[in-house]
Amino acid sequence: MNDINKDILNPVFLGVFVLSGVAGLYFLLFESNAKSVAGGIFFIGTTLVTVTRNVPLNNQLRDSSGDKITQVWRNYLDKWVFWNYVRSASAIIAGFLLAL
């Protein structure tokens, strides 16, 4: 997992990630009805969850070693998967709302 986290941190991914968050905020603030709701769900459910939940878990895993790695991995796996489901569901719901 640490190798995946290293590989994903590149300029292309970061650019797409930041721009998608900005797009969500744009829809939230400057659109109305379903588009505004979609923007809010996308921004909160994907961008903020990634920054406030998944990235700290990734960093904790990266920084662990020795005897603590097994405990950190168990904690990481349960929490990271849950928050990944939140991100996925948020993106799907936002997409459906934008399609209306």
For residues 88-100, which side-chain N or O atoms pair as donor and acceptor with protein atoms under 3.5 Å away, sequence neighbours left out?
| unit_1 | atom_1 | unit_2 | atom_2 | d |
| --- | --- | --- | --- | --- |
| Ser88 | OG | Asn84 | O | 3.0 |
| Ser90 | OG | Val86 | O | 2.8 |

Seminar exercise, completed: Sequence neighbours excluded, the answer for ring-ring contact (aromatic ring centres under 6.0 Å, His included) partners of Tyr26 is Phe30
Problem set entry | Set of residues satisfying side chain to side chain donor-acceptor pair (under 3.5 Å) with respect to Trp83, sequence neighbours excluded | none
Exercise. Tell me, which pairs form a ring-ring contact (aromatic ring centres under 6.0 Å, His included) where one or both residues lie in residues 31-73, sequence neighbours left out?
Worked result: Trp73-Tyr76
For this session: Provide the full list of side chain to side chain donor-acceptor pair (under 3.5 Å) pairs with a residue in residues 38-52, sequence neighbours left out, each pair given once.
Result: Thr50-Arg87
Problem set entry | Heavy-atom side-chain contact between Val49 and Asn54 under 4.5 Å | yes
Exercise. To the nearest 0.5 Å, what is the distance between CH2 (Trp80) and CZ (Arg53)?
Worked result: 15.0 Å
For this session: Would you please test Asn75 and Gln60 for side-chain contact (heavy atoms from CB on, under 4.5 Å) and show each step?
Result: CA-CA 10 Å; Asn75 180 54; Gln60 185 181 20; 3.9 Å; yes
Exercise. Are more than 12 heavy atoms from other residues, nucleotides or ligands located less than 6.0 Å from atom CG of Asp63?
Worked result: yes
Exercise. For Ile69, which residues count as a side-chain contact (heavy atoms from CB on, under 4.5 Å) partner, sequence neighbours excluded?
Worked result: Leu61, Ser64
For this session: List for me each residue that meets side chain to side chain donor-acceptor pair (under 3.5 Å) alongside Asn59, sequence neighbours excluded, and say none if there are none.
Result: Arg62
For residues 14-23, which side-chain N or O atoms pair as donor and acceptor with protein atoms under 3.5 Å away, sequence neighbours left out?
| unit_1 | atom_1 | unit_2 | atom_2 | d |
| --- | --- | --- | --- | --- |
| Ser20 | OG | Val16 | O | 3.3 |
| Ser20 | OG | Phe17 | O | 2.8 |

Problem set entry | Asn33: partners by side-chain contact (heavy atoms from CB on, under 4.5 Å), with sequence neighbours left out | none
